[in-house]
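Worksheet: one structure, shown below.
Throughout, protein chains are lettered first and strands after them, A, B, ... in sequence-line order, and every chain is numbered starting at 1. Computed from a prediction, not measured in an experiment: that's the story for all the values here.
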2 protein chains.
Amino acid sequence: MLKDIIDNSENYQPGLSIDCVIFGFHDNQLKVLLIKVERANKWSLPGGFIPVDQDIDTAAITVLNSRTGVEGVFLRQFATFGKVNRNHQHFDKKALEYFQIEEEKAKWLTRRFVTIGYYALVDFSKILPNLLGRNEVVEWIDHKEVPELILDHREILDKALDTLRIELNLMPIGYNLLPEKFTIPELQKLYETILDKKLDRRNFLRKITNIGILTKLDEKKSNVAHKAPNLYSFDKEKYDEVLKNGLNQGW
Amino acid sequence: MLKDIIDNSENYQPGLSIDCVIFGFHDNQLKVLLIKVERANKWSLPGGFIPVDQDIDTAAITVLNSRTGVEGVFLRQFATFGKVNRNHQHFDKKALEYFQIEEEKAKWLTRRFVTIGYYALVDFSKILPNLLGRNEVVEWIDHKEVPELILDHREILDKALDTLRIELNLMPIGYNLLPEKFTIPELQKLYETILDKKLDRRNFLRKITNIGILTKLDEKKSNVAHKAPNLYSFDKEKYDEVLKNGLNQGW
DNA sequence: GATTAATGTGTTATTATGACGCAATGTAAT
DNA sequence: ATTACATTGCGTCATAATAACACATTAATC
């Protein structure tokens with residue numbers, strides 16, 4: 001894998017990579033898709049290199065698809081990271097031996113890499129990270145329990161979440177994170193989880209319905225304790241319209 | 001200049017550049033600092049390359065300083081641009097001859113360059129773009145009259161302005177764009193110019209003063225037609241506090 | 001000194017927000 | 001079957017923010 005890239009390094013943008021923060025929502029938790037890096041005993045954001053014949057956005061989609069298998073999801077560039085020492089000694093002698101990379105070609109890898117951060121919102125239920133046939137451990141991890149990450153991936157993850165929190169005020173969220181049919185309490189939990197903040201049930205309902213992107217279905221959620229909540233779906237047309245025009249006008 | 005960089009290309013991050021959208025405010029107009037590219041008869045955003053021993057943020061500051069001479073201004077990364085063909089044929093044979101760059105070394109230049117966009121807000125009155133001793137034409141141009149730009153610089157400029165418009169709702173603006181003492185109508189014109197939208201005088205005053213970042217001075221603007229408006233300054237301490245915490249909470 | 005074109009201050013109606021109350025519903029315990 | 005209970009659905013009220021507008025004040029100009 002990595003060796004293939006190194007051996008064809010002229011086909012890839014040098015010193016530049018992509019890292020994706022892939023968010024999902026499950027069990028009322030905000031999950032992040034992470035990859036176990038065995039040799040370092042740490043975890044990593046799914047990332048990749050940029051073929052010289054691909055737009056960076058396209059390369060980001062490729063990374064996302066190769067890890068999640070889903071297409072057409074919400075994917076947005078949020079920041080680029082380029083501290084001088086960000087990948088200093090990341091590929092040390094041990095690692096190069098592990099990947100069977102010759103010393104001469106290793107130079108391509110060991111230089112400072114600038115990485116472009118993208119975050120994605122995906123439907124947890126449609127993704128089976130462990131069934132991708134790759135020889136690696138990919139897992140959904142609760143964002144509150146993210147273990148130590150390699151390099152500056154923690155910083156990248158934090159920045160992605162910060163961006164998501166800000167964008168929550170500028171656009172609707174949920175279409176990409178929830179199944180087709182969902183309940184208002186579920187949507188509220190999603191907002192509360194992202195914002196890490198309790199919201200008032202009744203005020204939330206009013207505010208979210210006033211946006212005009214929800215369709216109330218003639219159907220209730222089954223197999224639930226206590227009163228069965230109504231099911232809703234997004235009105236994709238209106239949703240996209242609001243996505244385009246934004247929510248808060250401010251000034 | 002360029003030749004120096006090419007001759008020492010190993011000291012620069014390959015295929016990666018920085019472009020700065022430098023905003024100023026003068027005569028009730030939002031100005032952008034642009035550079036005339038004689039050989040192409042087009043204009044360009046001030047940009048530069050990234051030394052391998054500099055953080056990208058540091059490199060951006062360097063670009064900004066070298067063009068404006070000012071330090072400590074507002075500078076923020078807003079997006080990274082990397083379409084495959086974005087600099088296709090930008091350095092053609094003619095250009096390479098012009099810069100006296102050998103064909104062999106030109107390869108470093110002619111590959112696809114990904115560029116990291118930064119925007120800056122600077123005090124127009126403190127900057128004298130033409131007195132920097134460089135052998136190039138640098139000019140403040142009204143953003144509404146920006147001529148044809150090289151490459152995708154138009155796209156970069158537009159994205160910068162979009163970002164600025166959005167951030168106007170999230171943070172206070174003005175400290176970096178206005179002189180130390182200013183009037184409320186001036187500040188309002190700044191907002192109106194950035195947003196390209198008329199605002200109500202009285203509502204603007206109320207809203208802007210409620211933020212609590214302004215200090216009303218015991219001084220009026222002199223030499224003006226009609227009633228002399230009061231002068232204000234920013235309360236830097238409170239300004240920075242609001243900058244950090246943000247304006248609109250939204251949810 | 002009147003005119004003029006701005007600025008400074010205030011009012012009102014409307015809308016949005018935050019903090020609650022209470023009835024309705026479906027599951028689980030008695 | 002009846003009751004308890006947790007959760008949903010719908011509504012109220014006080015307060016704050018916003019939009020639209022009226023009028024007095026000021027300083028240069030005629």
* To do: Mind running a 4.0 Å heavy-atom check of residues 193-205 of chain A against DNA chain C and sending the residues that fall below it, in number order?
  => D200(A), R202(A), N203(A)
* Regarding K197(B) and the six-membered ring of W251(A), is the cationic atom NZ or CZ under 6.0 Å from the ring centre and inside 45° of its axis? -> no
* Asked: 5'-most contact on DNA chain D: R206(A) or L231(A), nearest heavy atom basis?
  -> L231(A)
* Crowding at NZ, K207(B) (>12 non-hydrogen neighbours, <6.0 Å) -> yes
* **Shortest non-hydrogen contact between I213(A) and Y239(A), atoms and distance** => CG2-CA, 3.7 Å
* To do: Quick one: do D240(A) and K244(A) satisfy salt bridge (charged side-chain N to carboxylate O under 4.0 Å, His left out)? Show the steps, please.
  => CA-CA 6 Å; D240(A) 286 340; K244(A) 209 179 58 172; over 6 Å; no
* To do: Assign the ring pair Y175(B) / F234(B) to parallel, tilted or perpendicular, where the plane angle (0 to 90°) is split at 30° and 60°.
  => perpendicular
* Asked: How would you label the contact of K221(B) with the nucleic acid (heavy atoms, under 4.0 Å): base, sugar-phosphate, or nothing?
  -> nothing
* Asked: Between K207(B) and dT18(D), is there a side-chain N or O to OP1/OP2 distance below 4.0 Å?
  -> yes
* cation_pi(K159(A), F78(A)) dist<6.0 Å, angle<=45 -> no
* Once the angle between the rings of Y119(A) and F23(A) is folded into 0 to 90°, is it parallel (under 30°), tilted (30 to 60°) or perpendicular (over 60°)? -> perpendicular
* Asked: Which residues within residues 180-192 of chain B lie with some heavy atom under 4.0 Å of an atom in DNA chain D?
  -> none
* Less than 4.5 Å apart, any side-chain heavy atom of E167(B) and any of I173(B)? -> no
* Decide if atom NZ of K238(A) counts as having more than 12 heavy atoms of other residues, nucleotides or ligands within a radius under 6.0 Å. => no
What N/O pairs connect the protein and nucleotides 24-30 of chain D at under 3.5 Å? Give each pair on its own line.
residue : atom : partner : partner atom : Å
dT25(D) : O2   : K227(B) : NZ           : 3.3

* Checking all strands, does N210(B) fall into the base, sugar-phosphate, or nothing category for heavy-atom contacts under 4.0 angstrom? -> nothing
* **Electrostatic pair E186(A)-K221(A), nearest N-O below 4.0 angstrom** => yes
